[in-house]
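Side-chain atoms are counted along with the backbone in the values below, which use heavy atoms only and exclude waters and symmetry mates. In listed order, ligands and their atoms are each counted from 1.
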Amino acid sequence: MDHRPVGFLDSGLGGISVLGEALRILPEENFIYFGDTRNIPYGDKPPETVYQYTRAAVDTLIERECKAIVIACNTATSVAAAQLRQELPLPIIGMEPALKPASLLPGDGRVLVMATRNTIRLPKFQALMALYGKDAIPLPCSGLMECVEDGQLSGPRVEKLLAELFAPYANEDIKAVVLGCTHYPFLRKTISRFFSPDVSLIDGNLGTVRQLRRRLEEENLLSAGPGGNVTFLSSLDGEEPILRMQHMLSLWRSPEA
Ligand code: DGL
């Protein structure tokens with residue numbers, strides 16, 4: 001049994017959608033969430049730069065005595081997870097767009113994979129595409145995470161952006177949409193309005209938290225509680241970024257989310 005916290009990181013608010021799932025599935029655990037708001041976005045920056053930001057975030061979480069790290073960001077995982085696992089002794093759990101479960105859904109339609117430009121062009125996703133992407137359409141969504149960071153989860157700005165992104169595929173038979181960036185589950189309701197109700201919107205959050213639970217079990221690191229405590233950290237100074245993270249978590253946990 002190990003009462004140290006689990007560390008989560010993302011470029012900003014997105015990883016809170018994964019943290020929310022972890023609080024539900026692992027109620028005995030406590031968490032530290034690091035939002036790298038100063039360096040947002042990761043999705044369009046050179047991979048070497050994203051690696052440095054991710055390593056700095058991980059180091060901050062290790063200084064706070066985290067027993068395991070969840071890279072709650074598809075982009076940072078694509079860039080840094082493999083290297084960090086070689087460099088560090090603690091469990092590092094990463095994410096990838098949920099293309100595999102989406103491709104295995106019944107039906108002949110295609111799978112639209114929404115993710116950042118970096119996630120889509122890096123080798124990790126290309127390998128996933130080679131295995132499960134025969135009928136997939138990768139869709140880089142620059143500008144979308146900024147809507148979430150600005151608290152615009154619905155309304156004209158985000159709707160216009162989504163309409164432009166989806167327009168080229170209006171005549172495709174789509175069976176599933178993969179939310180391949182941890183910011184996008186916050187836009188689930190708005191995105192779902194662009195598709196018929198039988199189109200599944202799939203994220204990798206639950207799979208990631210189950211993998212965290214497996215790794216904690218394997219390493220004998222599970223906590224016996226009391227849990228449910230979350231400490232937020234930001235790379236920006238001041239109270240405002242922390243308040244925004246707290247607000248995002250309460251939005252995520254509200255029954256309408
Ligand atoms: N939330 C991140 C992801 O899952 C990236 C957003 C960004 O910083 O561009 O890919």
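- A salt bridge links Arg55 with Glu87; the closest basic N to acidic carboxylate O contact falls under 4.0 Å.
- A side chain to side chain contact (heavy atoms under 4.5 Å, CB included) with Lys45 is found for exactly one of Val50, Ile40, Thr116, namely Val50.
- Listed by number with element, the atoms of ligand 1 under 4.0 angstrom from any heavy atom of Ser11 are 5 (C), 6 (C), 7 (C), 8 (O).
- Val178 is not connected to Phe195 by any chain of hydrophobic side-chain contacts under 4.5 Å among Ile, Leu, Val, Met, Phe, Trp and Tyr, and they are in different clusters.
- In terms of protein heavy-atom proximity, atom 2 (C) of ligand 1 is closest to Cys73 SG, 3.2 Å.
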* Can you list the steps and then say if Leu144 with Cys181 is a side-chain contact (heavy atoms from CB on, under 4.5 Å)? -> CA-CA 10 Å; Leu144 206 49; Cys181 163; over 6 Å; no

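- With salt bridges taken as basic N to acidic carboxylate O contacts below 4.0 Å, none links Lys175 and Asp135.
- Not one N or O of Ile40 is nearer than 3.5 Å to an N or O of ligand 1, by distance alone.
- In summary, the atoms of ligand 1 found under 4.0 Å from a heavy atom of Gly43, numbered by their order in the structure, are 7 (C), 8 (O), 9 (O).
- For atom 10 (O) of ligand 1, the candidate residues are Thr119, Leu144, Thr75; the nearest heavy-atom contact is made by Thr75.
- Remark: the Gln211 side chain and the Arg214 side chain contain an N/O donor-acceptor pair separated by less than 3.5 Å.
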* Passes side-chain contact (heavy atoms from CB on, under 4.5 Å), Met145 versus Phe186? Steps please. -> CA-CA 10 Å; Met145 65 84 74; Phe186 285 108; over 6 Å; no

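- Considering backbone and side-chain atoms together, Thr116 places no N or O closer than 3.5 Å to any N or O of ligand 1.
- Which parts of ligand 1 touch Asn74 is read off a 4.0 Å heavy-atom cut-off, strictly below it: atoms 3 (C), 4 (O), 10 (O).
- The distance criterion of under 3.5 Å between nitrogen or oxygen atoms is met by Asp10 with respect to ligand 1.
- Here Pro41 has heavy atoms under 4.0 Å from ligand 1 in both its backbone and its side chain.
- Close contacts of ligand 1 with Tyr42, meaning ligand atoms under 4.0 Å from a residue heavy atom, involve 7 (C), 8 (O), 9 (O).
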